[in-house]
Every structure is written in C-alpha cells, then in structure tokens.
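These numbers come from a predicted model, not from an experiment.
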Amino acid sequence: MLKSIVYLNADLAATIALRYACQLATLTGMEINILHVEPPDTEDHPPGSGWVRRTWEKGLISQATEQIGQVIAMEKDRCPTLAPPKILLGQPQTGILRELRESDYDLFITGLLHSFSSQHFYKELHSKFYQQIPCPILMVKNPVELKRAVILMDPDETGTAQARTFTRLFKATGVAVDLITCEFGRAGKAGPEHVDETALSVGAMAPEEPVAQTHAILKEGGCLPETVMHLAGLPKVVGDRLAGYQLVLVSLPHHIGQSSPLLDCLSRVPSALLFCRRS
Amino acid sequence: MKILLALDDNPYSATAVNEVRALAVNTWANVTFLGLEAKPGDSASGPAGGPSLRTALNGYVEQFMSAFPTGDSPYGDTGEFQDGTGSDNGRCSCRGAEDGRKQLIKHLRSGDPAKAVLTEVLEDPSDLIVIGCDPPSQGQGWPGHPTAPQRIVNEAPCSVMVVKRAARIDRIVCCLDGDAVTQASLELINQLLTIHGAGLTLVGFTGSSGALKADVENRLVNILNYYRALGIEPLVESVDIASLDSFTSQDRPGEMLALWMGPQTLLGKWLPKRKVNRLVTESQATVLILR
C-alpha cells in the first residue's frame, strides 16, 4: 500500500489538499498520514526550561491538535480511515523535511490556492524546501473530481519518472491519462492566444525516443494513454489548454531559474500538480 | 424577486429576454418589461422601416411567455400594447388581467435610456436590472446611446446584469468581497449556474503577501460549503487586489464575471467608475454587478 502524508493547517488551502487526498485514497487505497507543525509564537520566547517549558509546549500542541482535529472531522464522512494527526512543534519546513526523511513516504501532499498571479507559485517552487523533499510532491490547488490526468514532458527529456509515478498510483483505478509534450518557445500559428496541437504516432518513433520510452512504461503498467500529442504555444495559453485535466504530472526541475516557461504554464493550471522526482 | 428588463428593438434585447425567461422559469420572479425609445412613438435605434418598439415589446413578452405552458403560467393574461395606450408621468403602461399569481408589467419610456431606467427603478424598485448590449467585437453598447449600460451599472441602486449578445456561459467567476455577499445574491448565482449548466469559480482577494485575510477566508469557506451542500463543487482562485485591473480586463471567453460592488466593499474602492465602465464595455461576456 502506498503511504502518503498530508501537511495540514487550519486553512482553506490545506483543507482542499486533504479533500483531494481523501479522493485519491478512495481511488487507490493509499494510506493517508497527517502532519501539522505548529510554529512557536515568534514574539514570545519559550518561557524558561524544564517543566515550565514542557507545559508551555503541551499547551501549544493541545491547541493545535484541537484546531487540526476540527479540520479532519469535516472530512471524516468522505474518508473514514483518517488516522489521528501527528502534531510537532517547530518550524514547519524543518519539521516536514525531518518527518519525510525519518519515515519512508511515497507521496507528500500540500495545498496552495490557485492564484491569478504566478508570483506566489514561483516563490513556493523556488524555495529550497521543495528541492529537498525526497518523494513526489502533490500540490493541490482545487478539490476537483479526478477523472483525467496528463503527463507533461519536454520533447527532448524523458517522462519516465511521471509515467512510473502514475502507474504506481493509478493502475486499475479507471483514471484516464494523456501524454503531452510541450514547446513554449513560440506562439501558436493562429496567433498568440492559440495553441498548435499535433497528434504523435508512437508506432512511428524509435524506441529510444523519450516519448516512446514514456509510452512504453505506461503501457507496461496497464495505463495506456488515450491521447499522445505535442502542444506548441505561449506558456499561459498552454496552461489554459490544460485546465480540463484534474491532475498534471511533471518532472520537478533540479534548478528553477527566475523565469521558467514551464512554471508560467503550470501556474495557470487550476487543479492539482504532481511533481515527480527524476531518478 | 423582481426583475426590470430594459429593452430596445436590437437583437441583444432578445438575448436579454431569454436570460430573464430562464430565470423566471426557475424563480417565478415579478418582471417588468421596460421598452426604451429615443422619441415617443419612434424607435430611433432600430433599423429603418423596422417594427415599432410597441410591436417589439409585445413580441418580447410572447417570447418570454413561450417558456410557460398555456394555462399554466404564473403570469396569467399579459395583455397587448395598442396604439394610443395611455401615458402616465412619462410612462406608458400596460398590465395584463389581474389573474396571474405573479406580476408581468409592460412599460414604455422615451428619452435618454439610462435616465429612463434609473427613473423607473426609483419609482418602482427592483432587485435586478437586466439589460442587453453588444459585445465590443459586434458593436458599441447601445446604438445612439453607447454609454447607457455603464451609466445604469454605475448609478442603479440594485444589482445589474449586462447581457452580451449570443454569450455562451460555461463558467461564472464570482469575486467575493467581505460581508457584501447576501443570501439572495448567492441564490441568484445558483440559479444562473443551473440555467447555463456552468461551473463556478470563487475569487478571494489577497494583499501582496498572497495570503487571504482571515475574514475573507472564513467567508470563502462558508460559501464553498454552501455550494457544496447544493452539489456544486466550485473552483477557488486568489487574486492580489493590486492585479484587479488586469484580472477584470482579461479576455474571458465563456465566462460571466460577477462582482459584489458597493461603497463599503473593497471592490467598490478599487474599481472606480471608469474601470467599471471599461469592464462593462470591453468584456465579451455577460457581466453581473451585485449589490
């Protein structure tokens, strides 16, 4: 059984992430663990040491447990198997990374509200935190019903990480998948607001070509893609074209520059993004 | 609910009638058909030699009533405008027989269309004004009175829907703003979702940090839960209030933009009249201003 961990706060973005995770658990049977890391109030230094400090920490954890418990209670009907949350005290990113390293999780799930501006999305993905997460990261922006996913890949780079993650998660679940290669360098032939779509024939490709390799992994895993195509257009327009998918799987780049057409494109996707690790 | 439907004899008015007809089928709203003409007895905005506004108004009512099976209409007999129908305080009125459970009134006013609509709504308050208008790709507001829709949006004391001709609506984008959201406006959105089979996006405004304020977030959660209980799963989007201008002015094919506006609302402060004017004029899609 796949083991996932949801980072939960008492806010809207995290609630959305938990709802999406519950849907995945129902579809795939994966185990959901819940983690919350309560940051100590920065204005109040820890009071003293010994039992005074322990009592203060207990108070913070008790308060957080109650708040997170209320969020979980709202989702209990949809996901009755939710286990009690793990509540830690400290800096959230440090606590999450420690937990991910100590236990062997297959998937880290977090929420980020879909935003009109890509600035916030960029800021998140530029942080060292995302680069240090050792497993695939599912970033949920909206609690959409998962029916169709897409594996997005650069035409010249392999999409095997996405294909392996998809087959591992969704084999025999009935979730449809498409395989799309993207080129962001130019506008569509019909104008900047258009995307050029070209169907790709995998049979006509050499087996070592990245698309053929990715396709083969999906086929072997029993998740034959329904559509294989190439999209060319400006990043935001391609992103809008992907809005019909409820999950987009991409490879998390090792280095993200100040300007990234891929991130521009992904910032427009309103549903969920699954960042896979290249082996 | 009471709807004031502002009409001339251009094709966009027929689209507005269709919108109100669909709303009325679900809500049995009281409806006033207000025909607007530049000079008494003359439809200056219509095509030369075209039907008079009175005939057009009778036709709109017929179009509206076609949604209700004969003998099973909540509006009863609607009556017809005849030449020489009497004038009362600048307004020609025609009421149907008093056998309807709901009210359907036809009025004609002449003169400046925006002024006529605002006078009508002051004399006989409505919850919603619906007005048709050409999208920028097909024309310019109201022929002869291009700024009429904007003036109505800016000055009306109630909600206003500006319906664009042949507008297909796949998604309604609702910009939430603090406590201005009322139950009645949520129900109106709910009706529009049903009528168009559209999806819903709820937009919350943020500061430069990208985080929603606690009260906006709570409001968003409550509204999200309200729609979920109705079986509607909205999308959520956050918008930095500083990007509001580019957000509202972007091209949104198939989307209806719904904004809660008022002097006390954040949107009311950030969207001055000229921006609202531009929004109403330049949007290809239907715009709904909620008050």
Counting distance alone, with no hydrogens or angles, which donor-acceptor pairs between chain A and chain B are under 3.5 Å?
residue : atom : partner : partner atom : Å
L12(A)  : N    : E217(B) : OE2          : 2.7
H114(A) : O    : S238(B) : N            : 2.6
H114(A) : O    : S238(B) : OG           : 3.4
S115(A) : OG   : S238(B) : O            : 3.4
F116(A) : N    : S238(B) : O            : 2.9
N142(A) : OD1  : V236(B) : N            : 2.5
N142(A) : ND2  : V236(B) : O            : 3.1

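Closest heavy-atom contact between P143(A) and P234(B): CD-O, 4.5 Å.
One finds the CG atom of L220(B) at 7.5 Å from the CG atom of L113(A) (value rounded to the nearest 0.5 Å).
Judged as a salt bridge (Lys or Arg N to Asp or Glu O under 4.0 Å), not a single pair has a partner in residues 191-208 of chain B (not counting sequence neighbours).
Taking a 6.0 Å sphere around CD of E66(A), one finds it holds 12 or fewer heavy atoms contributed by other residues, nucleotides or ligands.
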